[in-house]
Amino acid sequence: MIIGVLNQKGGVGKTTLSVNLAACLARDGSRVLLIDADPQGSALDWAAARQGEPLFSVVGFPRPSIHKEIGQIGQGYDHIVIDGPPRVTDLARSAIMAADVVLIPVQPSPYDIWAAEEVVKLIDEARIYKDSIKSAFVVNRKITNTAIGRDVREALAAYPVHVLNAAVTQRVVFAEAAAQGQAVFEIDHNGPATAEIQAVAAELMEYAK
Ligand SMILES: Nc1ncnc2c1ncn2[C@@H]1O[C@H](COP(=O)(O)OP(=O)(O)OP(=O)(O)O)[C@@H](O)[C@H]1O
Ligand SMILES: [Mg+2]
């Protein structure tokens, strides 16, 4: 499965979810490659901060030819996660074309809901060439028991894109794990952050297959 984690909006959790999804899939025994398609190189920074054994391979490929080269780059892996860039349209387009499924993280804020229009449009355009591309929203940084946390799903329903039931809550452990180049399950063990990532991974794989 090739999962593109994309949203033109910055700071929505693309890298956080990419790294933790890749880690979750690798933990289940799959051979996983994370492609950092962001010129900022955040996933590469994450990998560089890590001490000890890598959980999965990470390569930087911030070029708009990912869709052409993914076959070569991804040889020998069961799953590939592409961490997309904010803003850079040609890179995002290429990552979408490379993907079997595009996962779109959105925060429960009206700005994020409006801004999602851009990536939804890019996916629609890409489907002209590759109609099999699937897409799904995942709510990230949900704050429990808030009205906006509940309303976000309703607001997202205005887009013709599936919304995952599984969501990821705002938790400091995501930033703490990132600072050490770790996946949340390595510090949160079988805690709630780990369970949320597992639920997102399981639902996404089921939806995309
Ligand atoms: N669920 C969460 N709980 C707490 N902090 C989070 C969560 N998700 C992301 N963050 C934090 O929010 C910030 C932005 O997240 P991240 O870098 O993953 O977003 P991004 O979409 O990859 O950003 P960019 O568009 O710059 O690539 C980071 O500091 C990250 O640690
Ligand atoms: Mg990022």
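Just so you know, ligand 1 is whichever comes first in the structure, and atom 1 is the first atom listed for that ligand.
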Query raised in the report: Would you say T15 reaches the Mg ion (ligand 2) with an N/O/S atom under 2.8 Å?
Result: yes
Query raised in the report: Given G13, A179, G84, which has its nearest heavy atom closest to atom 19 (O) of ligand 1?
Result: G13
**Report entry** Per atom 7 (C) of ligand 1, closest listed option by heavy atom (Q107, R141, K14)
**Finding:** R141
Query raised in the report: Quick check, are the ring centers of Y207 and H162 under 6.0 angstrom apart?
Result: yes
For [X], take its heavy atoms, then give the atoms of ligand 1 lying under 4.0 Å from any of them.
{"X": "D38", "result": "27 (O)"}
{"X": "A175", "result": "31 (O)"}
{"X": "V12", "result": "19 (O), 20 (P), 21 (O)"}
{"X": "T169", "result": "1 (N), 2 (C), 3 (N)"}
{"X": "V168", "result": "1 (N)"}
{"X": "Q40", "result": "24 (P), 26 (O), 27 (O)"}
{"X": "T15", "result": "18 (O), 20 (P), 22 (O)"}
{"X": "G10", "result": "25 (O)"}

Query raised in the report: Has ligand 1 got any nitrogen or oxygen that is less than 3.5 angstrom from a nitrogen or oxygen of D83?
Result: no
Query raised in the report: Going by distance only, is there an N or O of F174 that falls short of 3.5 Å from an N or O of ligand 1?
Result: no
Requested in this report: Would you check if the side chain of W46 reaches a backbone N or O of V19 as a donor-acceptor pair within less than 3.5 Å?
Outcome: no
**Report entry** Protein non-hydrogen atom found under 4.0 Å from atom 28 (C) of ligand 1
**Finding:** no
